[in-house]
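Small disclaimer: the values here were computed from a predicted structure and weren't measured. The basis for the numbers below is simple: all heavy atoms, side chains too, and nothing from hydrogens, waters or symmetry mates.
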Amino acid sequence: MASLATAEACDTNVSLLGTGDLRVLHPSFQIYGQCRSFSGPIVTLKVFEDYVFVRELLETRGEGRVLVIDGGGSMRCALVGGNLGQLAQNMGWAGIVVNGCIRDVDEINACDIGVRALASHPQKSNKKATGEKQVPIYVGGTLIHPGEWLYADSDGILVSRTELSV
């Protein structure tokens, strides 16, 4: 998939920004993983300090999609670690965006995927299997729906109602 520069996408899609069909997430995410830029259709997950559904989704074929996890912004534990980063790479996910923390940063940085998260935290999360899959979530100051498109690079993260052309 061809890379789309987020700054250029904003410059050439001012009308979409005005209507809300293209949105910019707050610049609060740290960059991890080998892929500095990534994009794809969005799969959403809403969990709180529980990674069971994260693993469950990453065990499915990614097919170039991006998993966006609303972890409630928790800074008390990590939702994604090195094993899940490797799993996401092996299953063909383009990237993961976590409204929360990750861990095993060196392992994730060795993975050939893009990862964005608020911070790192050494403690793993719970295994209670609670949460919701493929529901609208509120992350980075914007409402995100399953099936929308995410574009991430060193300048930031965009969410679009439809796929943008390069």
Side-chain angles (χ1 to χ4, degrees), residues 1-7 9 24-129 131 133-134 137 139-140 142 144 146-160 163-164 166:
M1 179 177 297
S3 180
L4 184 127
T6 59
V24 181
L25 271 63
H26 292 163
S28 52
F29 294 89
Q30 304 299 310
I31 298 173
Y32 303 97
Q34 289 288 308
C35 294
R36 306 278 300 171
S37 64
F38 60 94
S39 62
I42 294 171
V43 173
T44 63
L45 180 60
K46 184 173 185 155
V47 296
F48 187 73
E49 298 180 357
D50 186 338
Y51 76 94
V52 172
F53 287 163
V54 177
R55 173 175 288 284
E56 193 174 287
L57 277 172
L58 292 176
E59 287 174 339
T60 66
R61 289 188 174 182
E63 300 173 334
R65 295 176 296 169
V66 177
L67 178 58
V68 181
I69 305 166
D70 180 2
S74 174
M75 295 291 190
R76 300 188 315 185
C77 61
L79 290 172
V80 175
N83 290 338
L84 293 183
Q86 187 64 51
L87 178 63
Q89 174 188 308
N90 294 345
M91 295 304 290
W93 290 85
I96 305 169
V97 176
V98 184
N99 183 29
C101 295
I102 64 164
R103 69 184 209 159
D104 305 323
V105 170
D106 292 339
E107 293 176 33
I108 287 177
N109 283 341
C111 292
D112 190 26
I113 60 167
V115 177
R116 301 293 186 274
L118 299 179
S120 62
H121 194 293
Q123 184 177 336
K124 69 179 178 180
S125 63
N126 299 311
K127 289 184 178 180
K128 294 181 182 175
K133 301 174 195 171
Q134 291 293 72
I137 56 176
V139 172
T142 191
I144 300 172
E148 292 186 311
W149 280 74
L150 185 136
Y151 300 89
D153 65 12
S154 297
D155 287 329
I157 304 171
L158 303 178
V159 172
S160 175
E163 184 177 6
L164 300 174
V166 177

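- Taking all atoms of both residues into account, the shortest heavy-atom contact from L164 to A9 is CD1-CB, 4.2 Å.
- In this structure, the side chain of W93 does not engage the main chain of G85 through any donor-acceptor pair within 3.5 Å.
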For this session: Take F38 and I113 through the side-chain contact (heavy atoms from CB on, under 4.5 Å) test and state the conclusion after the steps.
Result: CA-CA 8 Å; F38 60 94; I113 60 167; over 6 Å; no
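- Side-chain contact between Y51 and I69 is absent, with no heavy atoms from C-beta onward closer than 4.5 Å.
- Residues meeting the side chain to side chain donor-acceptor pair (under 3.5 Å) test with D155, sequence neighbours left out: none.
- Nearest heavy atom pair, residue V66 against residue A94, reads CG2-CB, 4.2 Å.
- Note: L67 CG to M91 CE = 13.0 Å, rounded to the nearest 0.5 Å.
- When every heavy atom of A117 is checked against every heavy atom of G100, the shortest pair comes out as CB-O, 3.6 Å.
- Using a 4.5 Å cut-off on side-chain heavy atoms (C-beta onward), L150 and R116 make no contact.
- For Q34, the side chain to side chain contact (heavy atoms under 4.5 Å, CB included) partners two or more places apart in sequence, or in a different chain, are D112.
- The two residues G64 and P41 have their closest heavy-atom pair at O-CD, 3.8 Å.
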Problem set entry | Criterion side-chain contact (heavy atoms from CB on, under 4.5 Å) on L118 and F29, from CA distance to verdict | CA-CA 5 Å; L118 299 179; F29 294 89; 3.9 Å; yes
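- Taking CD1 of I157 as the start and NE2 of H26 as the end, the distance is 11.5 Å to the nearest 0.5 Å.
- With hydrogens and angles disregarded, no donor-acceptor distance shorter than 3.5 Å links the side chain of E148 to the backbone of S160.
- The line from CG of L84 to CZ of R103 is 9.5 Å long, rounded to the nearest 0.5 Å.
- K128 pairs by the side chain to side chain contact (heavy atoms under 4.5 Å, CB included) definition with D50, N126, T130, not counting sequence neighbours.
- Across every non-hydrogen atom of F48 and S74, the tightest pair is CE1-CB, 3.8 Å.
- The structure places CG of L79 at 11.0 Å from NE2 of H121, a figure rounded to the nearest 0.5 Å.
- Of the possible polar contacts, none joining the S120 side chain to the I102 backbone as a donor-acceptor pair under 3.5 Å is found.
- Summarising the geometry, atom CD belonging to Q89 is positioned 11.5 Å from atom CD1 belonging to I108; distances are rounded to the nearest 0.5 Å.
- Residues in residues 82-91 take part in no salt bridge (charged side-chain N to carboxylate O under 4.0 Å, His left out) pair, two or more places apart or across chains.
- Among all heavy-atom pairs drawn from L4 and Y151, the shortest one is CD2-CD2, 3.9 Å.
- Within the 4.5 Å cutoff, the side chain of D153 has no heavy atoms near those of the R36 side chain.
- In this view, R76 and E49 satisfy the salt bridge (charged side-chain N to carboxylate O under 4.0 Å, His left out) rule, not counting sequence neighbours.
- Remark: E59 engages R55 in a salt bridge (charged side-chain N to carboxylate O under 4.0 Å, His left out) (not counting sequence neighbours).
- To the nearest 0.5 Å, the span separating CG on D70 from CD1 on I144 amounts to 8.5 Å.
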Exercise. How far apart are the C-alpha atoms of E107 and Q86, what are their side-chain angles, what is the distance that settles it, and do they pass the side-chain contact (heavy atoms from CB on, under 4.5 Å) test?
Worked result: CA-CA 8 Å; E107 293 176 33; Q86 187 64 51; over 6 Å; no
For this session: Could you please spell out the steps behind the side-chain contact (heavy atoms from CB on, under 4.5 Å) verdict for Q134 and V43?
Result: CA-CA 6 Å; Q134 291 293 72; V43 173; 3.4 Å; yes
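- Checked options V97, I42, V68; the residue passing with V159 is I42 (criterion: side chain to side chain contact (heavy atoms under 4.5 Å, CB included)).
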